[in-house]
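First comes the structure, then the notes that go with it.
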Amino acid sequence: MKEPPLLEIDNATIWRGSTRVFHDFSLTLQQHERVAILGPNGAGKTTLLKLINRELYPVASDDSWVRILGRERWNVWELREHIGLVSPDLQSHFTPNSTVLEVIVSGFFSSIGVHYQLREHIQPMQLQKSVEVMQMLGLKEFREREFETLSTGQQRRCLLGRALVHDPDTLVLDEPTSGLDLKAGFEYLSRIRELARRGRSLVIVTHHLDEIPPEIERVIILKNGQIKADGPRDAVLTAEVLSDVYDTSLRVAHVDGHFMVYPAENN
């Protein structure tokens, strides 16, 4: 039997508050893809994330739907076993005095930290898995450190570990290097690339071409709630396409599998 798509949006209309972001919008992401979703502010990237994360739903209609892995309704705890989300927004809202271990364990409960009532429900296998994830991400020595005492890069690794405790098939990364300096950003993307090489599927939502690692195969560009380009990254990340999307003259450089963009008028 053919497996269902990771995400299937068909003729959907989606509002955020009083703003209609998508109208008659359709998009399909297959399982086992490595995809980057790119676009300027207001393009609809955040709304798309909220759809995947089950924070938003489309306007009810018989001829439209949003399905994740073939289903329109999910229990968020069950969904986390299939899709792990890491975002700077989650990082800014996390309980500051949570320890690294508590941050990672909280992934089993989809909670912001491990509250007193949850601690008695932590199972030995959950602790063991959390320690394994800390070891993999180079965080074991920080096990009892408080979240607020870590560098931004270390915090981001904690949240990646929180997403990985379920061994989800797909990681959804929102602006993965936002707030990181060059060294931390390169180290973080290196870990993401290693996960991809081990078979993890990726959906990266970003403003920046330099956050798109060589392992990404497909690029989708949004603008004003519409898909402006969708295809293999070499065909989509061109000066012509990006200049049209961003309404400015641009050039694109391609070095060792990475893309960089710069103003055309400077050359």
Side-chain angles (χ1 to χ4, degrees), residues 6-7 14 16 19 21-22 27 29 33-56 80 83-94 103 107 112 137 147 150-164 168 170-196 200-225 227-230 233 236-237 241-242 245-246 248 250 252 257-262:
L6 173 71
L7 175 67
I14 297 105
R16 285 185 67 193
T19 302
V21 180
F22 295 125
L27 173 67
L29 303 181
E33 280 195 291
R34 293 173 186 145
V35 183
I37 299 171
L38 187 70
N41 289 335
K45 301 187 303 298
T46 299
T47 298
L48 197 56
L49 275 175
K50 289 183 179 295
L51 282 172
I52 296 172
N53 203 35
R54 302 285 74 190
E55 296 178 53
L56 288 176
R80 292 295 171 269
I83 300 174
L85 174 66
V86 184
S87 74
D89 183 62
L90 178 61
Q91 184 170 342
S92 65
H93 287 89
F94 223 89
V103 171
I112 304 298
L137 296 177
F147 190 70
L150 303 177
S151 70
T152 303
Q154 290 165 343
Q155 289 179 349
R156 196 69 50 82
R157 274 189 281 154
C158 283
L159 298 183
L160 178 60
R162 178 181 182 272
L164 288 173
T170 301
L171 281 175
V172 178
L173 305 169
D174 180 18
E175 298 183 35
T177 65
S178 174
L180 304 184
D181 62 25
L182 279 177
K183 180 181 178 182
F186 290 151
E187 289 177 347
Y188 187 69
L189 285 179
S190 177
R191 294 180 187 277
I192 298 303
R193 294 187 64 189
E194 178 61 27
L195 289 168
R200 197 86 54 172
S201 301
L202 299 177
V203 177
I204 294 179
V205 180
T206 181
H207 294 279
H208 307 294
L209 266 64
D210 57 7
E211 289 190 323
I212 301 176
E215 288 73 20
I216 290 294
E217 301 152 344
R218 176 185 176 190
V219 174
I220 299 163
I221 300 184
L222 299 177
K223 184 178 182 181
N224 298 327
I227 296 174
K228 301 297 289 185
D230 181 359
R233 64 186 193 131
V236 170
L237 297 179
V241 171
L242 293 172
V245 168
Y246 288 94
T248 188
L250 299 170
V252 176
H258 298 271
F259 286 81
M260 295 171 286
V261 64
Y262 54 98

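Throughout, residue positions are numbered sequentially from 1 according to the sequence presented.
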Taking the side chain as everything from C-beta on, heavy atoms only, tell me whether [X] gets closer than 4.5 Å to [Y].
X      : Y      : answer
Lys228 : Leu242 : no
Ile204 : Pro213 : yes
Leu160 : Leu195 : yes
Thr46  : Lys50  : yes
Leu48  : Leu27  : yes
Ile52  : Leu6   : no
Glu175 : Ser87  : no
Pro40  : Val245 : yes

Between Arg218 and Glu33, does any NZ, NE, NH1 or NH2 come within less than 4.0 Å of an OD or OE carboxylate oxygen? yes

Please check if atom OH in Tyr246 has more than 12 non-hydrogen atoms from other residues, nucleotides or ligands closer than 6.0 Å. yes

So does Thr177 get a backbone contact from the side chain of Glu211, meaning a donor-acceptor N/O pair under 3.5 Å? yes

So does Ser178 get a backbone contact from the side chain of Arg156, meaning a donor-acceptor N/O pair under 3.5 Å? yes

